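Heads up, the thing below is written out as structure tokens.
Keep in mind that what you see is a predicted model, and the values were worked out from it rather than measured. Letters A, B, ... are given to chains in the order of the sequence lines, protein chains preceding strands, and every chain is numbered from 1.
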There are 2 protein chains.
Amino acid sequence: MVNIFDVAKLANVSIATVSRVTSNKEGVNEKTRVAVLEAMDKLGYRPNSAARTLRMSKSNIIIVLMLNIKNTFYSEYIRGLEEVARNAGYDLLIGSTDGDIEKEKNYMDLIRDSRVDGVILTTAGVLNDDFVKKINESSPVVLTFDYVPGQNIPSISIDNESASRKITNHLINMGHKRIAHITGYMGRLQSQTRLNGYKQALAQHNIQVQEALIQEGGYLLQDGYIATQKLLSFEKVPTAIYGGNDNIAIGALKAILDAGLRVPEDIAVVGFDDVEVASYMTPSLTTIHQPRYEIGKRAMDLLLKKINEEQIQQPHVILEDELMIRESCGHNIVKK
Amino acid sequence: MVNIFDVAKLANVSIATVSRVTSNKEGVNEKTRVAVLEAMDKLGYRPNSAARTLRMSKSNIIIVLMLNIKNTFYSEYIRGLEEVARNAGYDLLIGSTDGDIEKEKNYMDLIRDSRVDGVILTTAGVLNDDFVKKINESSPVVLTFDYVPGQNIPSISIDNESASRKITNHLINMGHKRIAHITGYMGRLQSQTRLNGYKQALAQHNIQVQEALIQEGGYLLQDGYIATQKLLSFEKVPTAIYGGNDNIAIGALKAILDAGLRVPEDIAVVGFDDVEVASYMTPSLTTIHQPRYEIGKRAMDLLLKKINEEQIQQPHVILEDELMIRESCGHNIVKK
DNA sequence: GTGAAAGCGCTAACAC
DNA sequence: GTGTTAGCGCTTTCAC
């Protein structure tokens, strides 16, 4: 392994000067700088990052914690995170906790070992609030996709509540009164917020919330499928199903079609998130679009500011969502 | 930051002893060990990993390089990688190159800086062979999902060629003669291998390969959609379309249905990979299943062996794939 | 079974 | 503008 001494020797300077060059410090004579650069090049020298980390207590690694990476939804988001991080010289470590306590502890250790300079939290539970609090104590943190009121953790998200209200209203405006909602995993804040929006929309139109129409699910395809099968066996089958995310909606779609019913003619279906495949379903899925790439970029911008201890003017950023009206809600179908 | 000296002082031992305890070395009196453990606990001590890395030139980080993380297909695989890595005390750094030279260089630097102990390559191009070679020179590498004959890089994959032959044969056996193939990005070895399998199957049945029926695509939904639109405008429309992966097949499905045709009655569709949503399409997608979790686990096993310089008996492992016969191929439809 | 001390490669304070 | 040097926190050899 070639080190700073080798370079210094070849360039006929001291290691301090080499360090100045590699760290892009000012105050090095141009000639000297060139000589060092040439020596580095000739030897193929690259500064040892462990030594740097040890010396400066700075790892240049940022960890992105997610509930799971299974969802395609997040790839755009990660691209956004990555782009900003990389430009600032940081590497990204992606970890999925899968809600597993053991794994959470593992990441907690990583973070506490100060092996990372910052944390992006993609998963705001309400149950494991303690986890979030602990992380926040040991490292700069930014929260994404969730907005926790009264928290001192900066966050980037859409307004899940109003978006949920919006898509529920869309169904109501099309004449639906018996609208079922299949929630995501209720240990996640997001699921609760979306459920709230659903309830608010019903209340605004004086529609009674029926507990039977609220099915607690999960964020997987099969969760939507199973919950829908249950809903279909009700004496009074709902006329519309609102899935807490697109996976749930896609599962619902399948269950309805498998039962020999039509979407949207018999039952309308809508989702949330606008994953890529949503528009490729038949019928294509009406859903809420989140600006995921933008969320990733802005989150990383914020985190870097926190790491550099810059002033953050606006800790909570709420971006615009968009209702994507497609076929599955039946907006272009004559009501029966 | 509490360090090894603080612990040593509190436990009334030297730092060498503390080190022996944290590193699980033998030859420490049980009483002493307990005393050290207690001191560590009281102070909340965790060894500084940068110092460890510097001292031992070992980072305990393994990097997983992927073409992109957009594909849900890979989440299971990463779970497999993660599980094995974590048990062995390694952390995973996931990076996607997106085929971007700049990004590839970035990762190359990371690897050469010896900031990682090993590399899992999820992306075997044929074009950027140089990239692979360079990585292989600076770090232990294992290749996944592709098998490069005559390479000295260990690999875990299915046999893409025979699997491709199998699914093409399945279509032929159902009476199809005009079978189109929409390939993935041809800069990727996998796409070429799957194309080969397709051609071999046709040849085995004395069906002439028609260049027009081979459409070069990409691995995205829209690639399948666009290529299929083109195929549909042929005077002699194919009776079956084989997408180089499930995304392509899902895009094809949509294009056919959008054109007012039926799947599988008018045109059969099959894919490759068996992503989760494949069985949730209507009609559900016939495809090739890859044991992704297993591929991840085995790959990491191999890599750890390489890192520890253990003997590797079988550098190339080929796992079983499975033909998932569902509705989109029309196996249960009376031929018209 | 335990301790003293060298040194991994680097940055930054200080001296010149 | 450049060099000398201490020291980041740890592991490991060599004594005892």
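- Taking atom CG on A:Asn48 and atom C1' on C:dG9, their separation rounds to 5 Å, with Å as the unit.
- A donor-acceptor contact closer than 3.5 angstrom is absent between the side chains of B:Ser157 and B:Asp146.
- The phosphate of C:dG3 has OP1 or OP2 within less than 4.0 Å of a side-chain N or O from B:Thr17.
- Counting heavy atoms from C-beta outward, A:Val18 and A:Val21 have side chains that stay 4.5 Å or more apart.
- Rounding to whole angstrom units, CG of residue A:Leu54 and P of C:dA12 are separated by 13 Å.
- With a 6.0 Å radius and a threshold of 12 heavy atoms from other residues, nucleotides or ligands, A:Lys306 has its NZ atom above the threshold.
- Between D:dC10 and B:Thr22, no contact under 4.0 Å exists linking OP1 or OP2 to a side-chain N or O.
- As rounded to whole Å, 12 Å separates atom C1' of D:dG9 from atom CZ of A:Arg55.
- B:Ser23 comes within 4.0 angstrom of sugar-phosphate atoms only, judged by non-hydrogen atoms across all strands, and of no base.
- For the helix from C:dG1-D:dC16 to C:dC16-D:dG1, the terminal axes (five pairs an end, C1' atoms, rotation from four pairs onto the next four) enclose an angle of 40°, given to 10 degrees.
- For the atom pair CG of B:Leu303 and CD1 of B:Ile312, the computed distance is 8.5 Å after rounding to the nearest 0.5 Å.
- Using a 4.0 Å heavy-atom criterion, one finds that A:Ser19 contacts the bases of the nucleic acid, with or without backbone contacts as well.
- A donor and an acceptor atom, one from each side chain of B:Thr122 and B:Tyr74, are nowhere located under 3.5 Å apart.
- Contact annotation for B:Lys58: no contact, since no heavy-atom pair falls under 4.0 Å across all strands.
- Taking atom CZ of residue A:Arg52 and atom C1' of nucleotide C:dT11, one finds them 9 Å apart after rounding to whole Å.
- Remark: P of D:dC10 and CZ of B:Arg46 are 12 Å apart, rounded to the nearest angstrom.
- Nearer to the 5' terminus of DNA chain D, by closest-nucleotide assignment, is the contact made by A:Glu30 (compared with the other of A:Phe5 and A:Glu30).
- Distance, B:Met56 CE to D:dG9 P: 17 Å, rounded to whole Å.
- Checking the phosphate oxygens (OP1, OP2) of C:dA12, a side-chain nitrogen or oxygen of A:Lys25 falls inside 4.0 Å.
- Using a 4.0 Å cut-off between charged nitrogen and carboxylate oxygen, B:Lys133 and B:Glu137 do not count as a salt-bridge pair.
- For the OP1/OP2 pair of C:dC10 and a distance below 4.0 Å, the side-chain nitrogens and oxygens of A:Ser49 include no atom meeting the criterion.
- For residues 35-54 of chain A, there are no ring pair (Phe, Tyr, Trp, His ring centres under 6.0 Å) pairs, not counting sequence neighbours.
- To the nearest angstrom, C1' of D:dC8 lies 15 Å from CD1 of A:Ile4.
- Across A:Gly184 and A:Ser191, no two heavy atoms sit closer than the pair C-OG, 3.5 Å.
- Spacing between atom CD1 of A:Ile15 and atom P of C:dA12 amounts to 12 Å, rounded to whole angstrom units.
- The phosphate of D:dG9 (OP1 or OP2) has a side-chain N or O of B:Asn3 nearer than 4.0 angstrom.
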Taking only nitrogen or oxygen atoms into account, show me every contact under 3.5 Å that the protein makes with nucleotides 13-15 of chain C, one pair per line with its distance.
none

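- The pair B:Arg79-B:Glu82 fails the salt-bridge criterion, with no side-chain N (NZ, NE, NH1 or NH2) lying under 4.0 Å from an Asp/Glu carboxylate O.
- Between the side chains of B:Glu294 and B:Tyr77, no donor-acceptor pair is found at a separation under 3.5 Å.
- When the nearest nucleotides of DNA chain D are assigned to A:Glu26 and B:Val18 by heavy-atom distance, the more 5′-ward of the two goes with A:Glu26.
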